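Any value given below was found using the heavy atoms of this structure, including those in side chains, with hydrogens, waters and symmetry copies removed. What you see is a predicted model, and the numbers here were worked out from it, not measured in a lab. Both counts, for ligands and for their atoms, begin at 1 and track the order of listing.
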Amino acid sequence: MLIQITCLTRRAICLLALGSALLLAGCEEAPRPPTLERVRDDGVLRVVTRNSPTTYFQDINGETGFEYELSKLFAESLGVDLKIEMADSLDDLFDRLNQPDGVALAAAGLVETAGRKDQARFSHSYLEVTPQVVYRDGERRPAQSKDLLDKRIMVVKGSSHAEQLAALKARMPELEYEESDAIEVIDLLRMVDEGVIDLTLVDSNELAMNQVYFPNVRVAYDFGEPARVAWSVAAQDDDSLLDEANKFIDRVKQNGTLQRLKERFYGHVDELGYMGAYTFAQHLQQRLPRYEKHFRKAAEEEQVDWRLMAAIGYQESLWQPEVTSKTGVRGLMMLTQRTAQAMGVANRLDPKQSIHGGAKYFAHVKELLPASIAEPDRTWFALAAYNIGGGHLEDARQLAHKEGLNPDKWLDVKKMLPRLSQKQWYSKTKYGYARGGEPVHFVNNIRRYYDILSWATQPQLEGNQIAEGNLHKPAINKTPPKEQLAPM
Ligand code: GLU
């Protein structure tokens, strides 16, 4: 309140001063209030971004993406709403940023470069990336600049990579490359994967995130020094919003929020390893299409998300219907004999039955969770219960409670689960010893697979018939009309 009054008073004084200045100076335009004040007055932070897996996209639950989630937290910290605008190209992005009354911030995985000095000023960095030359497995691996000659190279028009190639061309005029503003990084990776172009340049984070979709793409070599990814404001903007963004970025770096977001969006590569990422890409193309219709059907019947069921299936058996483990669990969803019987599964090795049984069991354990556990945590708890059983999970919740943690929050309970394998702790629980670390990995992995599947099957791409046999490619081939994606 006090702040508001002060602001109002200050603005009134400004207006008075302005009034007299106008009288004196004739018809000069009113000076614009500082950017931060405008954002607060409007109650909206307008952010421009790109539609890509590293920045912003829509999944089954709505808008998401690393840049989206980070900007949303920033908007919340300012006490305003977030409004995302989608740029058609990088030129369009900087135009929107520099228009009078344009967007306040660009949050688009942008690297601070010398060439962007006239258009933008950058915040503190929240991600360090290395530009990399990528090529197709099986082709000769380029190792230095002269290996780029006589190759078909394409990059995003106006990108940091186009700038790097222009600098190289100044030294090596025979270098040829193309710039396109009709494509995104993910298209470039697909083109390399399919051999349509020979090489491209991408930032290491983009490759890490997308490797799972493109099994043939390989890193040739690092193209220059690590670069800083940051948000930007228009070059001529005052410091107010940038200062606030810097404070916010410093804060989320310190309190672990940034690290958690990085793990959520980039963590699957660490989790899967690069080989795991190639393998996942292959299985996504070769195995999932055989079972997709069963996942969809079972999920519909049990009112759960089919992508989550598919992610469980991948974690359990890598989508292989005939797997059998030493402990006696079998089939695509790795059901125990008891669970299979309870769920009415006669033949665990039949993928359709296994998937239906798994989905039914998942819905069942979810149903049994205490009502106090709300989404999205409820889903993670249900996964943990699916893996370790409701009794042990309840023990971990009790331990959380005793530690003064919140037994309804997955982040808290997952800290307690590993204790179930330590005598000092499990001896005091109702259900006793359990391999408590396992459900933590189980849930982590499934969340990674689920995120990947969510991108590959995002709802705005559903119109492109993501169905049996073409789940993977068309989803990425056909970039939908951008205006379709912009939330109103
Ligand atoms: N990081 C790139 C840039 O700053 C954008 C994405 C790309 O083209 O790789 O221009």
Side-chain angles (χ1 to χ4, degrees), residues 47-57 65-68 70-71 84-98 103 105-135 148 153-168 177-193 197 199-211 213-214 217 219-235 262 265-266 269 455 476 479 482:
V47 170
V48 64
T49 191
R50 302 153 42 216
N51 177 221
S52 86
T54 47
T55 52
Y56 171 82
F57 62 97
F66 181 85
E67 293 286 10
Y68 172 78
L70 196 60
S71 319
I84 289 287
E85 299 185 19
M86 199 88 69
D88 282 331
S89 63
L90 288 176
D91 288 346
D92 178 39
L93 181 142
F94 286 109
D95 281 353
R96 284 167 189 248
L97 194 62
N98 282 286
V103 296
L105 202 69
L110 296 176
V111 159
E112 183 169 2
T113 69
R116 288 178 171 157
K117 258 214 221 69
D118 296 340
Q119 295 173 297
R121 282 190 307 140
F122 285 82
S123 70
H124 293 173
S125 168
Y126 46 81
L127 200 65
E128 194 173 86
V129 297
T130 308
Q132 296 176 316
V133 176
V134 301
Y135 74 113
L148 305 185
I153 306 172
M154 194 184 280
V155 290
V156 174
K157 183 164 181 285
S159 67
S160 49
H161 309 121
E163 200 176 316
Q164 284 185 287
L165 287 175
L168 180 61
Y177 62 91
E178 296 161 58
E179 287 185 53
S180 168
D181 62 7
I183 45 150
E184 247 301 333
V185 178
I186 195 150
D187 301 301
L188 290 169
L189 290 171
R190 176 184 51 79
M191 288 159 99
V192 172
D193 189 66
I197 57 173
L199 305 171
T200 186
L201 255 68
V202 294
D203 290 331
S204 46
N205 66 316
E206 306 255 9
L207 182 64
M209 175 87 79
N210 294 312
Q211 185 75 75
Y213 309 115
F214 304 112
V217 168
V219 177
Y221 65 97
D222 290 350
F223 198 73
E225 295 303 306
R228 301 167 63 246
V229 176
W231 286 343
S232 57
V233 300
K262 284 184 188 172
F265 287 98
Y266 293 104
V269 174
W455 163 262
I476 295 158
T479 308
K482 303 250 162 105

Full working for side chain to side chain contact (heavy atoms under 4.5 Å, CB included) between L110 and L93: CA-CA 11 Å; L110 296 176; L93 181 142; 3.7 Å; yes
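A tilted orientation is assigned to the rings of Y126 and F66, their planes being inclined by 30° to 60°.
To the nearest 0.5 Å, atoms CG (L127) and NZ (K262) are separated by 5.0 Å.
Distance from atom 9 (O) of ligand 1 to its nearest protein heavy atom, with residue and atom name: H161 CE1, 2.9 Å. Atom 1 (N) of ligand 1 has D203 OD2, 2.6 Å as its closest protein atom, hydrogens excluded (heavy atom only). Protein heavy atom at the shortest distance from atom 5 (C) of ligand 1 is R50 NH1, 3.8 Å. Protein heavy atom nearest atom 8 (O) of ligand 1, with residue, atom name and distance: S159 CB, 3.3 Å.
Residue-ligand proximity, V185 to ligand 1, at heavy-atom distances under 4.0 Å covers atoms 6 (C), 7 (C), 8 (O), 9 (O). When each atom of ligand 1 is checked for a heavy atom of L110 under 4.0 Å away, the hits are 4 (O). The E206 neighbourhood of ligand 1 comprises atoms 6 (C), with distances under 4.0 Å to a heavy atom of that residue.
Here Y177 pairs with nothing under the ring pair (Phe, Tyr, Trp, His ring centres under 6.0 Å) rule; sequence neighbours left out.
If you check each of S232, G115, P131, S160 against atom 2 (C) of ligand 1, the one with the closest non-hydrogen atom is S160.
Only the side chain of R116 comes within 4.0 Å of ligand 1, counting heavy atoms alone; its backbone N, CA, C and O stay farther away. Looking at V156 against ligand 1, only its side chain comes within 4.0 Å, counting heavy atoms.
Judged purely by distance below 3.5 Å, without hydrogens or angles, the side chains of E184 and S52 never pair a donor atom with an acceptor atom.
Considering all non-hydrogen atoms of both residues, T200 and L188 come closest at OG1-CD1, 3.5 Å.
Residue G109 has at least one nitrogen or oxygen atom sitting less than 3.5 Å from a nitrogen or oxygen atom of ligand 1, judged on distance alone. Between G158 and ligand 1, a contact under 3.5 Å exists for no N or O pair.
The shortest distance between side-chain heavy atoms of I197 and I153 does not fall below 4.5 Å.
Salt bridge annotation for E206-R50: present, with a cationic side-chain nitrogen under 4.0 angstrom from a carboxylate oxygen.
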